[in-house]
Trainee: 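Sending over a structure as structure tokens; questions will come in a sec.
What you are looking at is a predicted structure, and each value in this text was computed from that prediction instead of being measured. Letters go in sequence order (proteins before strands), and every chain restarts at 1.
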Number of protein chains: 2
Amino acid sequence: MDKLEKYFNQLSPLKSTTWDKVKPLFTKTHLQKGEHFIEQGQLASKIGFLESGIMRAFYRNDEGTEYNKHFFIENSFVGGYASLITGQPNIIIQQALSDCHLWVADFKQLSALYDTCPDLERVARRIAELYFVDKENREIEIILLDADKRYELFQKRFPQLEQLIAQYHIASYLGITPTQLSRIRKKLAQR
Amino acid sequence: MDKLEKYFNQLSPLKSTTWDKVKPLFTKTHLQKGEHFIEQGQLASKIGFLESGIMRAFYRNDEGTEYNKHFFIENSFVGGYASLITGQPNIIIQQALSDCHLWVADFKQLSALYDTCPDLERVARRIAELYFVDKENREIEIILLDADKRYELFQKRFPQLEQLIAQYHIASYLGITPTQLSRIRKKLAQR
DNA sequence: CTGATTTCTTTACCTATGTAAATGCTTCAC
DNA sequence: GTGAAGCATTTACATAGGTAAAGAAATCAG
């Protein structure tokens, strides 16, 4: 769990006494390819730190249309963040796209430490802030860039990923159909 | 500045000693219709609380295409949030769409209080978290809903706004052209 | 009130992307 | 290695939405 400690510390240094309280809350977990970390409709309760593997977060509407909101690679937090924060039922499914190793903690226990460990709450604040900035950029990309450009951005942002996951997952992340992604790939290959 | 105090407190209660430190950082400001609160390219330094009026946050790319990311109505924070957080130059312009009354503070002075006032940092955390949830929902809407549905959502979310601002601002918020919005309005009127 | 300016709508045409179905191509279990 | 299942590509057609320009309506300055 060195990776987790490093991740925390680069956001904002944690006192060792805080880390001593945080550490025991996390237990090692394994997810097999295809398994879900969190389901739609339930209240989120746990937070995970992805040490290795690939996961996706996706939304599925009533008609069964899926949209891949995000891919997680190593050194990312997973969990129904919005549900944890708002206490509303979770609407985002998270699934392992490969075998995954995670450290998992109960979010209530973790956030209960905010009262006595302001340095931990600071980390939480920074995470929320950075997540927001991330989303803001993505929003602009979605609105202002066409799918060709978003595809190129995806390739830059997740260089390794394209080889490891299915095309239709990438298409869903880009907000288009596999058909359209195939057309785009053809066009780019011809240049 | 009662509204500001109320706003803080409903996110997470502030100690009165904290409020005593926060309050003097804010000074009253007026923006005329059309004035900018923050420009593209500069480092954000101030944060404002919109007491009355309407503002918009928009992105403008190299070709001059604008995208209205957000409308602010009374009781909202304005300011180059991403720039304040990351220290990178601001890319989002914020402009008054009507005469506006704001309370404005220097963000560095405000965030410097986090060290001594954990209750203030908690408010900051909650704001960041809620902003994130907001963006997450908007992302899903943009990808999965067509413009007709997004328009109806806009009308529900900002009931008063449609009368007060130009159609092309709404179109830009929806990520479409005024032409398309006009078509949608025509279609909806015929039902 | 009147002319000028801005905004909204309409039209004609074009492009990106969706849908559905057929065809290949991989991969994986056995 | 072989067959089945899943995946990617292609094709034909349909639709949402863009662009440009013109016309209609609303707003504003004097």
Trainee: Within this structure, what is the CD1-to-P distance between A:Ile142 and C:dT17, rounded to whole angstrom?
Mentor: 13 Å

Trainee: For the pair made of CG in A:Leu164 and P in C:dT27, what is the distance, rounded to whole Å?
Mentor: 13 Å

Trainee: So if I take every side-chain heavy atom of B:Ser182 and compare against D:dT9, C:dT10, C:dT17, which nucleotide ends up nearest?
Mentor: C:dT10

Trainee: Take the protein atom NZ of A:Lys187 and the nucleotide atom P of C:dT15, then report the distance between them rounded to whole Å.
Mentor: 12 Å

Trainee: Given C:dC8, is OP1 or OP2 found less than 4.0 Å from the side-chain N or O atoms of B:Arg185?
Mentor: no

Trainee: Examine D:dG17: is either OP1 or OP2 under 4.0 Å from a nitrogen or oxygen in the side chain of B:Arg183? Give yes or no.
Mentor: no

Trainee: Does A:Tyr67 have its ring centroid less than 6.0 Å away from the ring centroid of A:Tyr173?
Mentor: no

Trainee: Rounded to the nearest Å, what distance is computed from the CD1 atom of residue B:Ile170 to the C1' atom of nucleotide C:dC8?
Mentor: 12 Å

Trainee: How close or far is atom C1' of C:dG18 from atom OH of A:Tyr67, stated in whole angstroms?
Mentor: 17 Å

Trainee: Given D:dT11, D:dG17, C:dT17, identify the nucleotide with an atom nearest to the side chain of B:Ala147.
Mentor: D:dG17

Trainee: Output the rounded distance in Å from CD (A:Gln180) to C1' (C:dA20).
Mentor: 15 Å

Trainee: Given atom CD1 of A:Ile184 and atom C1' of D:dT9, what is their separation to the nearest angstrom?
Mentor: 14 Å

Trainee: Among the nucleotides C:dT9, D:dT9, D:dG18, which one has an atom lying closest to any side-chain atom of B:Ile176?
Mentor: D:dG18

Trainee: Counting just side-chain N and O atoms, does B:Thr177 come under 4.0 Å of either OP1 or OP2 of D:dG18?
Mentor: yes

Trainee: Can you measure from CD (B:Gln180) to OG1 (B:Thr177) and round to the nearest 0.5 angstrom?
Mentor: 6.0 Å

Trainee: In terms of side-chain heavy atoms of A:Asp148, which of D:dG18, C:dC8, C:dT17 is nearest?
Mentor: C:dT17

Trainee: In sequence, state the C-alpha distance, the side-chain angles, and the governing distance for B:Glu136 and A:Lys69, and then conclude on side-chain contact (heavy atoms from CB on, under 4.5 Å).
Mentor: CA-CA 9 Å; B:Glu136 185 166 274; A:Lys69 255 177 49 61; 3.3 Å; yes

Trainee: Heavy-atom nearest nucleotide on DNA chain D for A:Leu181 versus B:Thr179: which residue maps closer to 5'?
Mentor: A:Leu181

Trainee: For B:Ile143 and C:dA16, give me the distance from atom CD1 to atom P, rounded to whole Å.
Mentor: 18 Å

Trainee: Would you mind telling me which residue lines up with the more 5' stretch of DNA chain D, B:Lys33 or B:Leu145, judged by nearest nucleotide?
Mentor: B:Leu145

Trainee: Go through A:Leu161 and A:Gln155 one step at a time and tell me if the side-chain contact (heavy atoms from CB on, under 4.5 Å) criterion holds.
Mentor: CA-CA 8 Å; A:Leu161 223 53; A:Gln155 292 179 312; over 6 Å; no

Trainee: From the list C:dT11, D:dC7, C:dC8, which nucleotide is the closest neighbour of the side chain of A:Ala166?
Mentor: D:dC7

Trainee: What is the distance from atom CZ of B:Arg60 to atom CG of A:Leu144, rounded to the nearest 0.5 Å?
Mentor: 12.5 Å

Trainee: Any idea which of D:dC7, C:dT11, C:dT7 is nearest the B:Tyr168 side chain?
Mentor: C:dT7

Trainee: Within the 4.0 Å heavy-atom criterion, would you say B:Gln167 contacts the bases, only the backbone, or no part of the nucleic acid?
Mentor: sugar-phosphate

